[in-house]
Amino acid sequence: MPTEGELRRVRELRETIERHNFRYYVLDAPTLLDSEFDCLLRELETLEKKFPQLVTSRSPTQKVGAEASSAFSEVKHLTPMLSLTNAFNESEFLEFDRRSREKLNCASIEYVAETKLDGLAVSLVYEGGALARAATRGNGSTGEDVTLNVRTIESIPLHLNCKEPPKLLEVRGEIFITKSDFERLNSDQISRGEKTFINSRNSAAGSLRQLDPKITATRPLSICCYAIGHFVGSKRPTTHYEVLDYLKGIGMPVSGETELLRGINQCRSYYKRLLARREKLGYEIDGAVYKVNNLSSQEILGQVAKAPRWAIAYKFPPEEATTVVKAIDVQLGRTGQLTPVARLESVFVGGVTITNATLHNEEELKRKDIRVGDTVIVRRAGDVIPEIVRVILERRPKDSSPYVMPSSVPEQTLVQRMLSITHFASRHAMDIDGLGNKIIEQLCRSKLVLDPSDLYHLNLNSLISLERFAEKSANNLLISIEQSKHTTLARFLFALGIPEVGVTTATSIATTFGTIDNIAAANLEQLVDVPDVGPVVSTSIRAFFDEQKNREMIQRLLDCGVRWPKVEISTLIDPALLDRRIVLTGTFTSMSRDEARMALTERGAKVSSSVSQNTDIVIVGSNAGKKAEKAASLGLQVTDEMGLIDLLKMK
Ligand code: IVH
């Protein structure tokens, strides 16, 4: 018999899980991490296994997902949409393989390995080859009718690509948003003053479940198909691998990471390879899925309450975890900037134990409003530096107050100044000969130099007032300081000491944008597209130029006469056009379509021939056909020849 405490815990767990299921599936606003949720569900499963008399059909362990939201009409699935059993470590996976071999009475099993995508499951019903209905999984037997929304997803065919389509085909797959689309979506949300999404799963779910399909149409949803649900027709495939092949053949997007494997060693190797590539994939995955390949073997294995016994999701270690901020310290960074660092209760995440997380800079700290005592979500993906994703406000202590960066840290400030001057004067930066560490220290201590621009105000008198400074060496130094004013944009950019910006990156950015003003104005998306620049670097650059004191310092340097030859950029990049996806259709009077395409490409735009929800602008000439109609139906920005001339600034 369960004890009073165990009974209470079961009730507590059920309530928490149900409340969370609702937040997750219906409101698309989870407050628990997936890993935390998994832990709770596990605990409940263990208790129910110990006391089977407590299991009821209403227990969340017996149900998939949550009830369908009332906003959409209900769809009863032709075959229940099952979930997957999870394995959290190798022994759980081995146990799955052992049980399956035992039941199938064979020495080794052929599996199909796939990625476990982190999105939301949909069922797509094709009748006579035409998309008739699309539904979310809902509670597994009844879901929401999202046909209108699904029709707006470019990569989902409205008609199957086959001569003799089956009478009825139900395709199952995962709707998701790629990492880059997610970033773009969130920056668009910010620029429209709208709420940003917490993660890509959340944004995929939120986008699919819009009441207005026009909104869904503007969202960059992708799909990866991984199974057939119901099938009425001839020539049904006999293995899961054939299923995927068949789906691919009829035009459904399937994963490119799928492999046919035999036995556990190959499965182990797939898992390791996939884990190592996880960061490089363009979309979020949270594990590998193994499915018994032979469909008749699948039938023999059957299913338990809500999951098949022929498949398992072998989860990756979570990249996010929650922990508590014990203290916030200020650290002196490599290029002299002060960096706030959170000291954390140690926590195991992304495969290592972490105790610190960088808070980047004061602005970031303020924006995220991280306070001592806060419970936070930390993230460590791949080899990147652990960082705090956000504060869980619901768990903030009542008496907490915002963290205030120390305003005066005298010795630290001095060292910081010295480091930034040393960097500024270094060989690959402004290359100021004769400005050694001892001199820099004296200049900073005497407050003759507070930031790099003060170097250009030094004169003979101020220099010889310093200890052991002879007139000749002072003169030589003044000459090299003067000479350093003739520099290059790349050197100047490197000299600014922007965290993460090395010589190569600085060069790449300089040649892409051509002027310091263009760099200062570039948004994250434009920066990320520069060769050598990833999200970390671009965030750092953006943060640097967002600080007014940095912009003022740059102006002072320019006012002192620091200059460089005009940068030869291979194109006439126009930041307003850079990376905008443009489609040209119809004919124009002032130029041919090819000329228009070249002029736009030269300015940094990406001109493509087909209209999709990812298209930014459609330029419509005369006699435009289908593309113009499609642009209108997707609600895209459409302009005419005058608009084109405007964009090219040819007036
Ligand atoms: S098969 C009968 N394959 O994970 C099994 N599901 O945790 C049905 N998922 O509801 C699912 N990637 O939304 C399958 N390669 C994959 C998957 C996958 C992600 C999702 C799917 C499912 C959930 C179960």
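Both ligands and their constituent atoms are indexed starting at 1 by order of listing.
- Here the side chains of Pro386 and Val378 are not in contact, with every heavy-atom distance at 4.5 Å or above.
- By the 4.0 Å heavy-atom criterion, Ala313 is excluded from the residues contacting ligand 1.
- Among residues two or more places apart in sequence or in another chain, the ring pair (Phe, Tyr, Trp, His ring centres under 6.0 Å) test is passed with His77 by none.
- At least one heavy atom of Thr115 sits under 4.0 Å from some atom of ligand 1.
- In Arg137, the part holding a heavy atom less than 4.0 Å from any atom of ligand 1 is the side chain.
- Atom CG of Asn294 and atom OH of Tyr241 lie 15.5 Å apart (nearest 0.5 Å).
- Within the 4.5 Å cutoff, the side chain of Arg101 has heavy atoms near those of the Arg98 side chain.
- With Lys116, Lys291, Met81 as candidates, the residue nearest to atom 23 (C) of ligand 1 on a non-hydrogen basis is Lys116.
- Using a 4.0 Å cut-off between heavy atoms, Asn86 makes no contact with ligand 1 at all.
- In terms of N/O distances under 3.5 Å, ligand 1 is not approached by Pro308.
- The ligand atoms of ligand 1 that sit less than 4.0 angstrom from a heavy atom of Glu114 are 3 (N), 15 (N), 16 (C).
- The side-chain heavy atoms of Arg14 and Glu48, taken from C-beta on, include a pair separated by under 4.5 Å.
- Residue contact check: Leu82 has heavy atoms under 4.0 Å from atoms 2 (C), 8 (C), 10 (O) of ligand 1.
- The SG atom of Cys267 sits 6.0 Å away from atom OH of Tyr111, with the distance rounded to the nearest 0.5 Å.
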